[in-house]
Amino acid sequence: MSLEIDDIHISYGKVRAVDGVTVSLPTGGRLGVIGPNGSGKSTLINAISGAVTDRGTITIDGHRLRGGSQRAAAHAGISRTYQTPQTFTELSCIENVMLGLGPGDKRAKSTGAPRERREHRRTREALALLDEVGLLDLAETSAAILTYGQQQMLGLARALATNPLVLLLDEPAAGLNSAETEALSTVLDKANARGVALLLVEHKMDFVTKLCPRIAVLSGGKLVADGPHAEVLADPRVVDAYLGAPSNA
């Protein structure tokens, strides 16, 4: 599996939110995307996930995705999390995760398994994901009473429930304390070890560099650097764009 993003352009009126970005994510890869506020990071994730219409080409495994189609992106194996937790507060934690699993287990259906067995399998899968993100004891608890950090982890469990090839993460560590951030890193490490490719947008640089050996930097909607994080963070263009310091300082 490889995700190829080629010459993506997204404009809102006269504002070019993403301006000719080309970047790739190989099978099982990890890519951190950083940049100042307004640099186009979240807009790029929105384009990949089909939430906005773009001009350019996005392909996964050589199959071109139709711009502006979230269904097509999900069907291709792309899942995502959001800056603000997207949980259904009227449902329990396990019900939230089971929504991510879809209306039924296609694998069980293909074997002709009875409905009761399929539902039992879905329940087991949902509980396993809740256990993975540290919410197993809250499986029957309403999502409405979760802390912010717990809601973020619940959203991650629901994104992982789709069994994605690529997981897009939009500032998942924002608002988390150090213990929660460490727990998040552990969950993402395990997902990546299973073959899930990670594309991470984040401002916490220690979290990004620990998780992602490779970093891409956006500024003003343009890609200004892409490579090993040690090299990228020492690039004068990145110092100018991200830190706002003169390159000769």
Side-chain angles (χ1 to χ4, degrees), residues 1-83 86 100 102 156 159-160 162-172 188 191-192 194-203 208 211-229 231-232 235 237-238 241-242:
M1 187 289 304
S2 64
L3 176 68
E4 302 292 336
I5 302 154
D6 184 27
D7 197 27
I8 293 299
H9 296 259
I10 301 168
S11 297
Y12 300 109
K14 295 182 179 180
V15 177
R16 294 185 178 181
V18 176
D19 191 5
V21 171
T22 295
V23 71
S24 64
L25 180 62
T27 302
R30 305 183 185 200
L31 174 65
V33 180
I34 66 172
N37 290 331
S39 60
K41 305 181 302 296
S42 293
T43 304
L44 181 63
I45 279 187
N46 288 339
I48 300 169
S49 64
V52 299
T53 301
D54 58 87
R55 183 163 54 85
T57 305
I58 299 175
T59 60
I60 184 167
D61 269 347
H63 300 289
R64 183 171 180 173
L65 299 183
R66 181 160 53 88
S69 174
Q70 292 176 285
R71 178 175 295 181
H75 184 72
I78 296 173
S79 188
R80 67 167 296 176
T81 65
Y82 297 82
Q83 289 182 22
Q86 302 290 301
L156 176 57
L160 289 172
T162 66
N163 195 27
L165 296 173
V166 178
L167 180 61
L168 310 174
L169 301 138
D170 195 356
E171 297 190 31
L188 295 178
N192 184 246
R194 295 195 298 266
V196 180
L198 307 177
L199 191 153
L200 168 71
V201 164
E202 185 56 67
H203 284 291
V208 176
L211 192 66
C212 300
R214 177 174 152 236
I215 289 178
V217 183
L218 298 183
S219 180
K222 293 181 178 293
L223 181 70
V224 297
D226 179 6
H229 62 70
E231 294 179 12
V232 167
D235 189 322
R237 296 172 301 170
V238 175
Y242 193 71

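Reckoned from all heavy atoms, side chains included, excluding hydrogens, waters and symmetry mates. For this chain, numbers begin at 1 and follow the sequence in order.
- Between the side chain of Asp235 and the backbone N or O of Arg237, at least one donor-acceptor pair lies under 3.5 Å.
- Residues Leu165 and Leu3 have side chains not in contact (no heavy-atom distance under 4.5 Å, counting atoms from C-beta outward).
- Going from atom CG of Asp61 over to atom OG of Ser2 covers 6.0 Å, rounded to the nearest 0.5 Å.
- Between Leu31 and Cys212, the shortest heavy-atom contact is C-SG, 3.8 Å.
- Going from atom CD1 of Ile58 over to atom CG of Leu65 covers 6.5 Å, rounded to the nearest 0.5 Å.
- Residues Leu25 and Val166 have side chains in contact (heavy-atom distance under 4.5 Å, counting atoms from C-beta outward).
- Taking all atoms of both residues into account, the shortest heavy-atom contact from Asn192 to Gly29 is ND2-O, 3.5 Å.
- Listed for the Thr22 side chain is a donor-acceptor partner under 3.5 Å among the backbone atoms of Asp7.
- Screening Val201, Ile45, Thr81 for a side-chain contact (heavy atoms from CB on, under 4.5 Å) with Glu171, the sole residue that qualifies is Val201.
- Judged purely by atom type and a 3.5 angstrom limit, Lys41 has no side-chain atom pairing as donor or acceptor with the backbone of Leu218.
- Pairing each heavy atom of Ser219 with each of Val224, the nearest pair is CB-CG1, 4.0 Å.
- Closest heavy-atom contact between His203 and Gly35: CE1-O, 3.3 Å.
- Contact check for Arg80 versus Asp170: side-chain heavy atoms found under the 4.5 Å cut-off.
- Across Leu167, Val33, Ile78, a single residue satisfies side-chain contact (heavy atoms from CB on, under 4.5 Å) together with Leu199, and that is Val33.
- Closest approach of Thr162 to Gly100, counting heavy atoms only: CG2-O, 3.4 Å.
- Put simply, the residue from Asn46, Thr53, Asp19, Thr43 that forms a side-chain contact (heavy atoms from CB on, under 4.5 Å) with Ile10 is Thr43.
- Within the 4.5 Å cutoff, no side-chain heavy atoms of Glu202 are placed close to those of Leu169.
- Residue Gln70 holds its CD atom at 15.5 Å from NE2 of His75, rounded to the nearest 0.5 Å.
- For the pair Leu200/Pro172, a side-chain contact is recorded, criterion being any heavy-atom separation below 4.5 Å from C-beta on.
- The shortest distance between side-chain heavy atoms of Arg64 and Thr57 falls below 4.5 Å.
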